Protein chains: 2
Amino acid sequence: MAETRIRNMEEFAAVAGISRPTVSKYFHDPSSVRPTTRARIEAALERYDYRPNIFAVNQNRKLTKNVGIVVPYLADPFFAEIARKLEERCIAAGFRPTLFSAHGRPELEVEILDSLRSLKPAGVLLAPLGRASVRREVEQFCADVPTVLFDSNIDGVGEAFVGSDNFSFVSQTVEYLTRSGEEPCFFEMRTPANPNANKRRIAYVQIMERLGLTPRVISIEGEGWAFEEIGRQGALRVIETDGFPTDTVLCSNDRLAIGLLSACYERGLRVGRGEGSALRVASHDDHPFSRFTCPSLTTAAHDYDSVATRAFETLGALIEAGGRFDRRTETLFAARLVLRASA
Amino acid sequence: MAETRIRNMEEFAAVAGISRPTVSKYFHDPSSVRPTTRARIEAALERYDYRPNIFAVNQNRKLTKNVGIVVPYLADPFFAEIARKLEERCIAAGFRPTLFSAHGRPELEVEILDSLRSLKPAGVLLAPLGRASVRREVEQFCADVPTVLFDSNIDGVGEAFVGSDNFSFVSQTVEYLTRSGEEPCFFEMRTPANPNANKRRIAYVQIMERLGLTPRVISIEGEGWAFEEIGRQGALRVIETDGFPTDTVLCSNDRLAIGLLSACYERGLRVGRGEGSALRVASHDDHPFSRFTCPSLTTAAHDYDSVATRAFETLGALIEAGGRFDRRTETLFAARLVLRASA
DNA sequence: CTCAGAAATTTACGCGCGAAAAATTTTCGT
DNA sequence: ACGAAAATTTTTCGCGCGTAAATTTCTGAG
């Protein structure tokens, strides 16, 4: 390999015995050149590992192969997991994904979108911060760059949304809990960072009323993305004052539940569905760690795979369609109830 | 803003009333142009938000402002956290960080390094997979691109290493545990993915011998990065067979400990240092979740901030120095013992 | 006020490749 | 075997900017 070092496409075309633009076509789409030509290029490729300069390639191209993946908070394993799946699918489809995390900070989200523009991405998969997003900026970005929202919806923004059906999450947990024991109260942050949280509270209230039960919402204080700590502090306060209104607590999400379980353990409140348990706890998301809480957490699981797959497919279709859909679609996947020991 | 849309630096230079190369100089280093010129450029910048085309900028530049950050497994909050800190420092210093995760797969790590080459990065911060890394490829990459290793060292590879002092981790936990109760056995994976794990076992054995105690290592089976599950299964097996050789277990890392605690809870083994506890458990890393385990986990904490800061500073110095150091330095930060409820 | 020398700016050229237009080769029906 | 359409390749041009060399402007001592 590498008899003389190849510096650019010109030199590579020379050793392959073809003109440069033909080589360019080959890299754009190998099947677009004659089989004999292709064979010669690939033979040369074996001997002189050459790769087109990525900056030059994108510099004068109307549509790049770049895809941006933006998540609100990468230190949350849920987003790490879904980002991983999205990355994989992008690579498999020949795109170059770049991963960004807003780290929970709206200004950073704006910055990311800004620098994403200059990457001229073919499309963007965006899980916005939600309530905290600077709506005007996100909206403007989506108007400029073909974008599919996922996980967290913002009405009317982006060409499509793919996520989980919060109503399905809550209805499954509430129904299971009411069927198997006392009715659940709902444990959440008063000012949640994420719009899903609002949807879940609304779903809880609605479902409880439909069942002829009284919804009881416990809203705890706290800002930011340190949900576990917020859940723990909130739970400690509840335990130390009035206690929970029923013996069954449904948490808005698993991270809050993790904090709550930690508080219960600290205070000697036994959690579980067996005899001698003071509390049942269930939640939503199937966070990667929810299997290892004590007790393991009964929760409604995202269909990670489906969300990732569909989000990417939607983006693919969007790019095919030239960046615009006739109408905005919203795809929601149902939850899958995961019964564990906590409820 | 935006009276007429600016398409390139030429047009921007025109509205600013200066020549394009001067504008180019300004973007390269604002202080390199005369104050009056600078004022005019910045005035124009207010009115016509223009940003240099990132591909054109990098295309013909010897040294880009790109920095690659590579971690072995981003779904591990530890790496998410340190990656976040590294990103922040890069941005603050005017670099453009790009984050990659090998997702625990050596082939992917090689691919990442490959595509990183084409980004012509000024430097790379690499936390290698370690034992699983394709050493030849990583070595070759480091020879070509200025690289600082962090978290996980590979002897002689890269221009420098910045990480935590495994010996300090283990000595603090072992000493605390022996001082406050029965001597610890050591709980680890037989074939750990990470070289730190080996260093920790060696440190454990050495420290125990120095204290005149018998080291007892429990090596459990399991491959991959699902440490919690591996720890849980391993612990279940130990509990169901011989049990732990002493009433104190020191885990190689927090993720294993999380699995172990979950197994203990399942089996009704009470963990903690109080009366009525069957087991004390301690560990290393101060994983973001170790505060929320049941009981909360006593552990030796990484100095995340120092590692991130120093790693980035080292890379900065490396870039300044033209990509090579005279000799390879290794910087290790000591651990900080975090006492919680588990031991 | 003058003139060197330094500092800033402009001129001129090239980077590596994409893409439309032009030229060539191939294909295929007759 | 012939010619026109189709497929492929080559020619030509330009993208947006970095950078060395040439030119201009500025600074300060005399």
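Here the structure is a predicted model, which is why all the values come from computation and not from measurement. Within every chain, numbering begins at 1; the chains are lettered A, B, ... in the order of the sequence lines, protein sequences first and strands thereafter.
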Provide a list of protein-nucleic acid N or O atom pairs under 3.5 angstrom, restricted to nucleotides 17-22 of chain D.
from: D:dC17; atom 1: OP1; to: B:Tyr50; atom 2: OH; distance (Å): 2.5
from: D:dC17; atom 1: OP1; to: B:Asn53; atom 2: N; distance (Å): 2.8
from: D:dC17; atom 1: OP2; to: B:Met9; atom 2: N; distance (Å): 2.3
from: D:dC17; atom 1: OP2; to: B:Tyr50; atom 2: OH; distance (Å): 3.3
from: D:dG18; atom 1: OP2; to: B:Ser24; atom 2: OG; distance (Å): 2.4
from: D:dG18; atom 1: N7; to: B:Arg20; atom 2: NH1; distance (Å): 3.4
from: D:dG18; atom 1: O6; to: B:Arg20; atom 2: NH2; distance (Å): 2.6

Practice problem: Starting from P on C:dA8, measure out to CG on B:Asp29 and report it in whole angstrom. | Solution: 11 Å
Quiz prompt | Side chain A:Ser133, main chain A:Leu129, donor-acceptor under 3.5 Å | solution = yes
Quiz item: Do we see a donor-acceptor contact under 3.5 Å between the side chains of A:Thr147 and A:Glu159?
Solution: no
Quiz item: For the residue pair B:Phe312 and B:Phe95, does the interplanar ring angle fall in the parallel (under 30°), tilted (30 to 60°) or perpendicular (over 60°) class?
Solution: perpendicular
Exercise. Write down the distance between CZ (A:Arg40) and C1' (D:dT9), rounded to a whole number of angstrom.
Key: 11 Å
Practice problem: Report yes or no: do B:Thr22 and B:Ser19 form a side-chain donor-acceptor pair below 3.5 Å? | Solution: yes
Self-check item: Bend angle of the helix from C:dC1-D:dG30 to C:dT30-D:dA1, from helix axes over five pairs at each end, nearest 10°
Solution: 20°
Quiz item: Which whole-number value in Å describes the distance from B:Arg38 CZ to C:dT9 P?
Solution: 12 Å
Practice problem: Round to the nearest Å and state the distance from B:Arg34 atom CZ to C:dA7 atom P. | Solution: 12 Å
Practice problem: Flag yes if more than 12 heavy atoms outside B:Arg324 fall under 6.0 Å of its CZ atom; otherwise flag no. | Solution: yes
Quiz item: Atom OH of B:Tyr26 to atom C1' of C:dA8: distance rounded to whole Å?
Solution: 16 Å
Quiz item: Looking only at side chains, do A:Glu330 and A:Asn153 share a donor and an acceptor under 3.5 Å apart?
Solution: yes
Exercise. May I ask you to say whether A:Asp305 pairs ionically with A:Arg89, meaning some side-chain N is under 4.0 Å from a carboxylate O?
Key: yes
Quiz item: When you check the side-chain N and O atoms of A:Glu88 and B:His103, is any donor under 3.5 Å from an acceptor?
Solution: no
Quiz item: Hey, does the side-chain of A:Gln59 have a donor or acceptor N/O within less than 3.5 Å of a partner on the base of C:dC17?
Solution: no
Quiz item: Distance check: side-chain N/O of A:Ser19 vs OP1/OP2 of D:dT9, anything under 4.0 Å?
Solution: no
